[in-house]
**Student:** 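Here it is: the structure, laid out below.
Treat the numbers as computed from the prediction; the structure is a model and nothing was measured. In each ligand, atom 1 is the first atom listed, and ligand 1 is the first ligand listed.
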Amino acid sequence: MTTQPLNTKPLMEVDGLAKRYRAGQPNVFQDIRFDIGRNEFICVIGHSGCGKSTILNILAGLETASEGAVVMNGKEVAGPGLDRGVVFQSHALLPWLTVRDNIAFAVRSRHPSMSKADVAQRVQHYIGLVGLSHALDKKPSELSGGMKQRVGIARAFSVEPKMLFMDEPFGALDALTRGVIQDELLKIVQETRQTVYMITHDIDEAILLADRIFLMSNGPEACIAEIVVNTIPKPRNRENMHHDPRFYAMRNHLLDFLVHRSKAMQAEGIRPKEPLIVYPGAEANETLQAV
Ligand SMILES: Nc1ncnc2c1ncn2[C@@H]1O[C@H](COP(=O)(O)OP(=O)(O)OP(=O)(O)O)[C@@H](O)[C@H]1O
């Protein structure tokens with residue numbers, strides 16, 4: 001299920017992806033199949049080594065699949081493209097350029113004929129959304145880790161890609177900084193309605209940000225075991241989300257998968273043909289409406 005009308009074609013269609021790095025070895029993952037709707041925010045959770053980054057890299061066109069196909073906007077993905085942006089755990093800013101020029105450089109690569117004034121306006125808009133207007137003329141070496149990552153996020157959004165991939169973008173940050181940046185990401189996504197595919201190990205982060213959460217079984221031969229539809233309505237808010245009765249149903253479901261079900265599936269060799277689609281806490285909503 002996607003969050004868009006059924007008659008609208010998905011932005012990305014993924015069909016039967018599998019990857020093996022060496023002949024004769026088992027697939028890292030196989031039978032990966034899903035659609036991503038326009039304006040959807042997808043989070044992917046799974047134990048280390050199940051192939052989350054490899055899948056993300058294949059969708060972004062940075063890696064090739066052993067089997068299967070990825071189609072975006074009706075066109076097969078055969079390599080990297082400017083319509084897809086990627087944010088990794090390390091910010092990858094150009095150290096010799098200021099914050100302003102790092103973002104302007106990215107905007108100009110995507111829109112070579114954009115006027116200087118429009119590029120400047122776009123840079124200011126996106127750096128403002130991550131609360132760093134005061135740092136426009138600083139070099140990356142003058143910024144903290146959290147600030148660099150915020151510039152990386154502003155840069156990725158400023159290009160306005162059709163699809164943005166984020167591979168554990170906050171993994172290297174302390175909990176406080178992470179919270180601040182999650183709020184900024186939430187704000188920027190609400191404003192831009194950017195389509196995002198993001199890997200995280202943080203369950204609360206996934207509940208805060210995602211429309212749907214893909215749960216991957218353990219590898220090798222990993223698959224998407226469940227697709228969890230976020231039952232907490234938007235707009236969500238980090239400060240009071242835990243007061244929503246659906247929050248703990250979502251959280252317990254995700255935790256239980258990571259702690260118990262993913263291991264049990266591996267031990268018993270269970271591979272669902274199709275991911276189970278679940279709505280944890282939906283019954284809490286029905287109770288709320290009945291009161
Ligand atoms: N270039 C490569 N050559 C050989 N094996 C690889 C290569 N890249 C990844 N692998 C293997 O493929 C498997 C999946 O790796 P991947 O990084 O995609 O997993 P992940 O789920 O993103 O892990 P993590 O959560 O630790 O980042 C791992 O067993 C890894 O060792």
**Student:** Please say whether more than 12 non-hydrogen atoms of neighbouring residues, nucleotides or ligands are located less than 6.0 Å from CD in Q25.
**Tutor:** yes
**Student:** For the pair E274 and R33, find out whether any cationic side-chain nitrogen is under 4.0 Å from an anionic carboxylate oxygen.
**Tutor:** no
**Student:** Distance-only, no hydrogens or angles: does the R178 side chain make a donor-acceptor pair with backbone N or O of L173 under 3.5 Å?
**Tutor:** no
**Student:** Who's the nearest protein heavy-atom neighbour of atom 14 (C) of ligand 1, and how far?
**Tutor:** G49 O, 3.4 Å
**Student:** What residue and atom, counting heavy atoms only, is the protein's closest point to atom 17 (O) of ligand 1, and at what distance?
**Tutor:** S53 CB, 3.8 Å
**Student:** Counting heavy atoms only, which of S48, G51, G46, G171 comes nearest to atom 19 (O) of ligand 1?
**Tutor:** G51
**Student:** Among protein heavy atoms, which sits nearest to atom 3 (N) of ligand 1, and what does the distance come to when rounded to 0.1 Å?
**Tutor:** Y21 CD2, 3.4 Å
**Student:** For T54, which part has a heavy atom under 4.0 Å from ligand 1: side chain, backbone, both, or neither?
**Tutor:** both
**Student:** Under 4.0 Å from a heavy atom of H201: give me the atoms of ligand 1 that qualify, with their elements.
**Tutor:** 25 (O)
**Student:** More than 12 non-hydrogen atoms from neighbouring residues, nucleotides or ligands closer than 6.0 Å to CD on E63, yes or no?
**Tutor:** yes
**Student:** Give a yes or no on whether atom 30 (C) of ligand 1 lies under 4.0 Å from any heavy atom of the protein.
**Tutor:** no
**Student:** Looking at non-hydrogen atoms alone, which of E168, M216, K52, K19 comes nearest to atom 25 (O) of ligand 1?
**Tutor:** K52
**Student:** Take atom CZ in R110; do more than 12 heavy atoms of anything else shown fall under 6.0 Å from it?
**Tutor:** yes
**Student:** Please determine if R20 and E67 form a salt bridge, counting it only when a charged side-chain N lies under 4.0 Å from a carboxylate O.
**Tutor:** yes
